[in-house]
Amino acid sequence: MDVECEYLVAQMKDRREEKICGYIFYDGEIDGVPLAVVRCHVGTVNAAVCTTLSIERYSPKCVIIERTSGAHIPDLCKNDIVIADRI
């Protein structure tokens, strides 16, 4: 969602903006921790594309994807948190 992305981006120091395949990525640091943020738009395909682009460009130690699990697991409720331990 825009509000979550805007909040994180506003907190970044040494922020840079980069457009990759039509998606706008922001990278910088929050409290000394390197971070990249992208709003990937609606749908699991967009989430997969943004995840792939993020991994290729930033080689992250961790990827956090917000608001996609409900599309895959009907028993999930609003505000549930899912943490994957493998892919």
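Nothing here was measured: the structure is a model prediction, and the numbers come from that model. Count residues from 1 along the sequence.
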Please set out all donor-acceptor pairs under 3.5 angstrom arising from side-chain atoms of residues 20-30, sequence neighbours excluded.
residue: Tyr23; atom: OH; partner: Asn46; partner atom: OD1; Å: 2.5
residue: Asp27; atom: OD2; partner: Arg16; partner atom: NE; Å: 3.3
residue: Asp27; atom: OD2; partner: Arg16; partner atom: NH2; Å: 2.3

Are the side chains of Cys40 and Val49 in contact, using a 4.5 Å heavy-atom criterion?
no
Sorted by chain and number, sequence neighbours left out, side-chain hydrogen bond (donor to acceptor under 3.5 Å, both in side chains) with Arg57 holds for Glu18
Contact between Gln11 and Leu8 at the side-chain level, heavy atoms closer than 4.5 Å - yes or no?
no
Nearest heavy-atom pair of Val9 and Arg15: which atoms, and what distance?
O-NH1, 2.8 Å
Leu53 side chain reached by Thr51 side chain, heavy atoms, under 4.5 Å:
no
Hey, what else clusters with Val33 if you join Ile, Leu, Val, Met, Phe, Trp, Tyr whenever side-chain heavy atoms sit under 4.5 Å?
none
How long is the straight-line distance from SG of Cys50 back to CZ of Arg39, given to the nearest 0.5 Å?
10.0 Å
